[in-house]
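For reference, the structure discussed in these notes is given below.
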Amino acid sequence: LDPKTLIFKGLIPGMDVVGEKFRRNEYYVPQVLLSARAMYAGLDLLRPLITAASAGGYLGTVVIGTAQGDLHDIGKNLVAMMLEGAGFRIVDLGVDVSPGRFLEAAEGNGAHLVAMSSLLTTTMPAMEETVALIRESKVSARAIVGGAPVNREFAGRIHADGYSSDAVGAVELAKGLVAAPA
């Protein structure tokens with residue numbers, strides 16, 4: 001089987017079931033954490049198969065992380081893996097990344113894109129601050145956003161260069177942005 005099929009027809013729907021059971025109080029935090037750990041293990045096994053598809057030079061460099069205050073990284077990890085598989089160099093800053101740290105990493109790595117994710121609405125202002133900081137700097141990187149509470153309207157309001165609701169769309173968005181003049 002194709003590793004992307006395993007992710008999008010197996011791992012992600014499995015986590016959707018876990019999320020639904022959690023909402024219905026059939027699962028509790030320990031079961032959710034165990035399920036997330038199992039998904040990470042699956043992603044780790046599939047990563048070499050997906051990244052093997054990208055041979056040769058990089059399409060560009062993407063600095064990626066979750067917005068300051070957010071520790072949820074399943075979506076971010078999936079987007080990073082898909083971008084890497086599509087031929088991008090990934091600089092993964094992890095979780096709870098401050099706007100200044102995003103900017104510093106973009107400057108230090110010659111990033112083409114800064115990708116931010118959020119699961120919590122309370123961390124969306126940090127995305128806005130990060131986009132503003134990037135725009136005010138001399139960095140030529142473009143900012144893209146995604147995550148459960150984020151939508152196209154929010155991305156436009158904070159002047160992000162792009163938004164995607166899923167990992168496949170994020171790859172297409174990234175390819176389009178690095179191909180288009182700034």
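Under the rule for a salt bridge (Lys or Arg N to Asp or Glu O under 4.0 Å), Glu107 has no partner lying at least two apart in sequence or in another chain. Residues passing the salt bridge (Lys or Arg N to Asp or Glu O under 4.0 Å) test with Arg135 are Asp161, sequence neighbours excluded. For the side-chain hydrogen bond (donor to acceptor under 3.5 Å, both in side chains) test, residues two or more places apart in sequence or in another chain that qualify with Asp92 are Lys76. With sequence neighbours left out, the side-chain hydrogen bond (donor to acceptor under 3.5 Å, both in side chains) criterion links Thr123 to Asp70, Ser118. For the salt bridge (Lys or Arg N to Asp or Glu O under 4.0 Å) test, residues two or more places apart in sequence or in another chain that qualify with Lys21 are Glu26. Among residues two or more places apart in sequence or in another chain, the salt bridge (Lys or Arg N to Asp or Glu O under 4.0 Å) test is passed with Arg157 by none. Applying the side-chain hydrogen bond (donor to acceptor under 3.5 Å, both in side chains) test to Asn151 and every residue at least two apart in sequence or in another chain returns nothing. Residues that satisfy the side chain to side chain contact (heavy atoms under 4.5 Å, CB included) test with Leu6, not counting sequence neighbours, are Leu1, Leu46. By the side chain to side chain contact (heavy atoms under 4.5 Å, CB included) test, Thr121 is found to be paired with Met124, Pro149, residues two or more places apart in sequence or in another chain being considered. Ile74 meets the side chain to side chain contact (heavy atoms under 4.5 Å, CB included) test with Met15, Ala36, Met39, Tyr40; sequence neighbours excluded.
If you take CG on Leu83 and CD1 on Ile64, they are separated by 6.0 Å, rounding to the nearest 0.5 Å.
For the pair Met127/Phe154, a side-chain contact is recorded, criterion being any heavy-atom separation below 4.5 Å from C-beta on.
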Which atom pairs, one a donor and one an acceptor, fall under 3.5 Å between side chains of residues 164-172 and the rest of the protein, sequence neighbours left out?
{"unit_1": "Ser164", "atom_1": "OG", "unit_2": "Asp166", "atom_2": "N", "d": "3.3"}
{"unit_1": "Ser164", "atom_1": "OG", "unit_2": "Asp166", "atom_2": "O", "d": "2.8"}
{"unit_1": "Ser164", "atom_1": "OG", "unit_2": "Ala170", "atom_2": "N", "d": "2.9"}
{"unit_1": "Asp166", "atom_1": "OD1", "unit_2": "Val168", "atom_2": "N", "d": "3.2"}
{"unit_1": "Asp166", "atom_1": "OD1", "unit_2": "Gly169", "atom_2": "N", "d": "2.6"}

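Applying the under-4.5 Å side-chain rule to Ile, Leu, Val, Met, Phe, Trp and Tyr, the cluster around Val95 extends to Leu71.
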